[in-house]
Amino acid sequence: MNLNDLFDLTLKGCAKQGALEFQGSSLTFQDLDVRSNQWANHLRESGFERADRLAVYLPNCVELIAAYIACVKAAIIFTPINVLYREREIEHIVDDAEPKALLTNRELSANVPSGSNVWCVEDVMADVGQRPVDFSAEGVEGDSLAALVYTSGTTGRSKGAALTHNNFAANATALNTCWRMSAQDRMLLALPLFHVHGLGNGLHTWLSSGYRVRLLERFRKETILDEFLDFEPTVFFGVPTMYERLLAAPPDVARAIGLRMRLFVSGSAPLPAATLERFRKLFGHTILERYGMSETMMNLSNPYAGERRPGSVGKPLPGISIRLADPDSEDGRVEVADGETGEVLIKGPNVFSGYWRQPAATAQAFTADGYFRSGDLASRSSDGYYTLQGRRTELILCGGFNVYPREIEEFLCEQTGVAEAAVVGVPDTVKGQAPVAYVVAAAGFDAAALLVRCREGLASFKTPRKIVEIDELPRNALGKVQRHLLATKAMAT
Ligand code: MCA
């Protein structure tokens with residue numbers, strides 16, 4: 001079954017049921033089917049052919065969803081762009097993915113580099129509404145690409161993780177089974193749909209199981225409790241920062257929400273055991289923590305019915321093989337014993353097909369026997385629960401968004417007044433971590449002006465919390481910057 005067959009379970013099978021609420025409007029699954037058919041016809045009429053890319057730079061909205069389903073139907077590769085990205089970050093994705101068009105809105109279009117074929121949703125909606133309401137979906141193989149999801153780049157610029165129909169289908173069916181998702185559920189969806197968490201877990205479990213969604217344009221701490229009380233969801237997927245925000249709920253509100261809820265899931269960044277415990281006391285629910293990546297979607301999950309172990313990400317999802325490889329084992333074949341730390345290697349129907357147009361990076365990302373090297377470190381308990389123990393790389397997780405120091409360092413080094421730069425993550429109680437930059441000054445150095453340029457040129461979550469001038473970067477004998485020393489220094493100040 002490709003994704004179209006899976007989506008037909010709801011688009012056709014639950015046609016008359018309420019599917020989606022967004023900003024006061026309600027759509028049935030049939031409405032979504034029709035709207036996505038019109039979008040698919042619009043794409044075809046505009047010259048899109050199989051395997052062309054549609055870049056989508058939009059906040060959560062109905063048209064984003066309709067355009068996504070249309071891409072699946074017309075075998076077009078959906079390429080979402082983080083709405084917090086600015087011109088330079090977007091330019092890289094546009095150059096790399098070469099989309100035939102970039103769908104955005106008037107407000108965000110100011111950030112899109114000139115020369116792109118920009119479609120503002122406000123302008124194309126009338127045309128889309130005129131298109132035929134029937135569309136016969138392309139026959140696609142499960143290995144066909146459904147989406148290119150750009151990951152923050154370990155080596156500077158981001159790479160497009162090429163995800164197939166089979167990847168999304170495997171992820172959705174595993175989660176539907178293991179988390180008991182059903183048409184009786186109600187999901188408050190506040191995650192951005194441009195990332196795998198919202199797109200792969202939110203959108204796909206919904207369109208394959210038929211529950212009702214209230215979609216929010218974004219998570220806002222000021223109004224999220226009212227949304228819970230008003231919509232009365234049974235399921236919520238969030239990042240740890242969202243759970244930190246929910247802990248501000250008055251006890252009676254938390255209890256009222258908890259009474260309706262069936263399942264809270266957390267992922268995208270480690271959930272502190274203390275947050276899990278405080279949340280349990282306040283809402284009466286043990287958050288289910290799971291582990292995934294853009295390249296693989298979900299890999300491990302705490303059990304729905306068994307023990308949800310604080311600090312652990314649980315056990316492999318169905319069909320997925322996990323190997324904890326000795327970090328010194330070059331071919332990744334030597335496994336560590338239970339209780340010891342190894343690199344998480346992953347094999348399964350969820351694992352992506354490779355990085356878009358990057359054969360060398362793709363080859364490097366897999367072992368000779370076909371396991372994906374996640375770069376994450378973990379240990380396994382004797383009863384099979386996995387606990388993450390950090391990263392092999394220096395990834396910073398800020399509010400559930402991935403930040404690679406190298407990308408910010410490269411940006412800083414292009415600015416006036418910067419000879420060298422090193423970026424490290426510092427702990428933050430709400431965001432998990434935040435980036436701090438150490439800069440060796442050159443002529444014209446001005447920390448305040450540099451911060452302004454970062455705010456203009458980088459997504460807000462990548463902007464360093466502060467810029468600290470330093471005489472020289474600490475280096476080891478091989479000349480490699482010792483970021484861990486800077487991280488210790490950053491925490492001490
Ligand atoms: C945050 N901001 C946004 C959005 N989210 N702006 C527009 N749309 C958004 N969706 C901006 C704010 O305007 C503000 O910018 C800054 O970010 C902080 O916002 P604030 O309201 O203070 O945020 P918060 O209450 O602390 O909550 C932040 C958040 C956000 C909503 C939790 O961090 C978030 O949405 N995280 C989800 C990330 C995610 O989906 N990751 C999945 C990656 P300014 O500073 O300029 O005012 S996929 C993944 O990791 C794998 C597959 C996995 O396992 O899931």
Side-chain angles (χ1 to χ4, degrees), residues 57-61 64 80-86 105 107-108 111 147 149-152 158 161 163 167-168 171 175 188-205 215-225 227 236-248 265-271 275 288-301 313-314 317 344 346 350-352 372 374-376 388 391 395-404 428-435 451-452 454-465:
Y57 177 53
L58 277 176
N60 290 354
C61 61
L64 181 154
I81 301 178
N82 188 325
V83 290
L84 293 165
Y85 280 4
R86 295 295 166 253
N105 61 25
E107 190 188 336
L108 288 173
N111 299 326
V149 178
Y150 277 79
T151 63
S152 293
S158 60
L163 294 165
N167 295 151
F168 281 107
N171 186 62
L175 301 188
L188 184 59
L189 190 51
L191 286 160
L193 295 175
F194 48 75
H195 272 321
V196 155
H197 196 166
L199 183 71
N201 295 10
L203 215 79
H204 286 76
T205 59
L215 180 72
L216 304 182
E217 190 187 57
R218 57 160 301 204
F219 179 96
R220 284 194 177 81
K221 54 184 178 296
E222 300 78 12
T223 48
I224 191 72
L225 294 174
E227 298 285 0
F236 183 77
F237 296 168
V239 300
T241 302
M242 295 178 182
Y243 288 107
E244 285 294 336
R245 297 294 191 206
L246 288 173
L247 285 174
V265 182
S266 176
S268 306
L271 180 72
T275 307
L288 184 155
E289 187 174 5
R290 55 63 179 176
Y291 159 74
M293 305 183 73
S294 299
E295 290 90 338
T296 62
M297 296 194 252
M298 302 306 107
N299 302 307
L300 294 153
S301 169
V313 288
L317 285 161
V344 181
I346 305 154
N350 57 320
V351 177
F352 76 145
F372 173 65
S374 71
D376 285 323
L388 295 175
R391 294 271 312 167
L395 175 74
I396 300 168
L397 282 163
C398 181
F401 288 117
N402 289 0
V403 181
Y404 281 94
D428 179 285
T429 44
V430 174
K431 302 278 177 174
Q433 287 181 298
L451 268 180
V452 171
C454 288
R455 266 188 218 111
E456 288 163 358
L458 296 169
S460 58
F461 58 88
K462 295 181 196 166
T463 299
R465 173 143 313 169

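Note that the structure is a prediction, hence the values are computed from the model and not measured. One-based numbering, in listed order, for ligands and for the atoms of each.
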For this session: With the side chain counted from C-beta on, respond yes when P464 and C454 share a heavy-atom pair under 4.5 Å apart, and no when they do not.
Result: yes
For this session: Look only at the side chain of E289 and the backbone of S266, and say whether a donor-acceptor pair between them is shorter than 3.5 Å.
Result: no
For this session: Could you give me the CA-CA distance, side-chain angles and deciding distance for T296 and N167, then say whether side-chain contact (heavy atoms from CB on, under 4.5 Å) is met?
Result: CA-CA 8 Å; T296 62; N167 295 151; over 6 Å; no
Exercise. Nearest heavy atom to atom 2 (N) of ligand 1: which of M298, E217, R218 does it belong to?
Worked result: R218
Exercise. Closest non-hydrogen protein atom to atom 33 (O) of ligand 1, residue and atom name please, with distance?
Worked result: G399 O, 2.9 Å
Exercise. Backbone or side chain, does any N or O of G292 fall under 3.5 Å from an N or O of ligand 1?
Worked result: yes
Exercise. Quick one: does G267 get an N or O within less than 3.5 Å of an N or O on ligand 1?
Worked result: no
Seminar exercise, completed: When rounded to the nearest 0.5 Å, the distance separating OH of Y243 from OG1 of T275 is 11.5 Å
Exercise. Side chain, backbone, both or neither: which part of M293 has a heavy atom under 4.0 Å from ligand 1?
Worked result: backbone
For this session: Establish, for the pair K462 and Y85, whether the NZ or CZ atom is under 6.0 angstrom from the six-membered ring centre and no further than 45 degrees off its axis.
Result: yes
Problem set entry | Contact check: K431 vs ligand 1, nitrogen or oxygen atoms, below 3.5 angstrom | yes
Exercise. Tell me, which protein residue and heavy-atom name are nearest atom 27 (O) of ligand 1, and how many Å apart are they?
Worked result: T241 CG2, 4.0 Å
Exercise. Do Y57 and N105 pass the side chain to side chain donor-acceptor pair (under 3.5 Å) test, and can you show the C-alpha distance, the side-chain angles, and the key distance before you say yes or no?
Worked result: CA-CA 8 Å; Y57 177 53; N105 61 25; over 6 Å; no
Exercise. Does ligand 1 have an atom under 4.0 Å from some heavy atom of E244?
Worked result: no
Exercise. Taking N or O atoms only and a 3.5 Å limit, does N402 qualify as a polar contact for ligand 1?
Worked result: no
Exercise. Can you find an N or O of S294 that's nearer than 3.5 Å to an N or O of ligand 1?
Worked result: no
For this session: Classify the contact between M297 and ligand 1 as side chain, backbone, both or neither, using a heavy-atom distance cut-off of under 4.0 Å.
Result: neither
For this session: Keeping the roles fixed (side chain from H197, backbone from V239), state whether a donor-acceptor pair exists under 3.5 Å.
Result: no
Exercise. Do Y150 and N82 have a side chain donor and acceptor closer than 3.5 Å?
Worked result: no
Seminar exercise, completed: When distances are taken from atom 25 (O) of ligand 1, the protein heavy atom at minimum range is R245 NE, 2.9 Å
For this session: Would you confirm whether any non-hydrogen atom of the protein falls under 4.0 Å from atom 29 (C) of ligand 1?
Result: no
For this session: Specify the protein heavy atom at minimum distance from atom 34 (C) of ligand 1: its residue, its atom name, and the distance to 0.1 Å.
Result: F401 CE1, 3.6 Å
For this session: Among all protein heavy atoms, pick the one closest to atom 55 (O) of ligand 1 and tell me residue, atom and distance.
Result: S268 OG, 2.6 Å
For this session: Answer yes or no: does an N/O atom from R290 fall short of 3.5 Å to an N/O atom of ligand 1?
Result: yes
Exercise. Could you state the interatomic distance from CG (L458) to CG (L84), rounded to the nearest 0.5 Å?
Worked result: 11.5 Å
Exercise. Nearest protein heavy atom to atom 22 (O) of ligand 1, by residue and atom, and its distance?
Worked result: K221 NZ, 3.7 Å
Problem set entry | Per-atom contacts of ligand 1 with G400, taking only distances under 4.0 Å to non-hydrogen atoms | 38 (C), 39 (C), 41 (N), 42 (C), 43 (C)
Exercise. Any non-hydrogen atom of R220 lying under 4.0 Å from ligand 1?
Worked result: no
Exercise. Can any side-chain N or O of E295 pair as donor or acceptor with the backbone N or O of S374 at less than 3.5 Å?
Worked result: no
For this session: Mark the output for P192 as yes if a heavy-atom distance to ligand 1 is under 4.0 Å, and as no if none is.
Result: yes
Exercise. Can you check whether G292's main-chain N or O pairs, donor with acceptor, with N299's side chain at less than 3.5 Å?
Worked result: no
Problem set entry | 4.5 Å side-chain heavy-atom contact, F194 and I81 | no
For this session: Say whether, by atom type as modelled, one donor and one acceptor occur between the side chain of T241 and the main chain of V430 under 3.5 angstrom.
Result: yes
Problem set entry | Residue, atom name and distance, where the atom is the protein heavy atom closest to atom 45 (O) of ligand 1 | S460 CB, 3.9 Å
For this session: Return a yes/no value for Y291: is any of its N or O atoms, backbone included, closer than 3.5 angstrom to an N or O of ligand 1?
Result: no
Exercise. Any idea which protein heavy atom is nearest atom 11 (C) of ligand 1, and the distance to it?
Worked result: L84 CD2, 3.7 Å
Exercise. Taking the side chain from N60 and the backbone from L216, do they hold a donor-acceptor pair closer than 3.5 Å?
Worked result: yes
For this session: Pull out every atom of ligand 1 sitting under 4.0 Å from any heavy atom of H197, numbered as shown with elements.
Result: 42 (C), 48 (S), 55 (O)
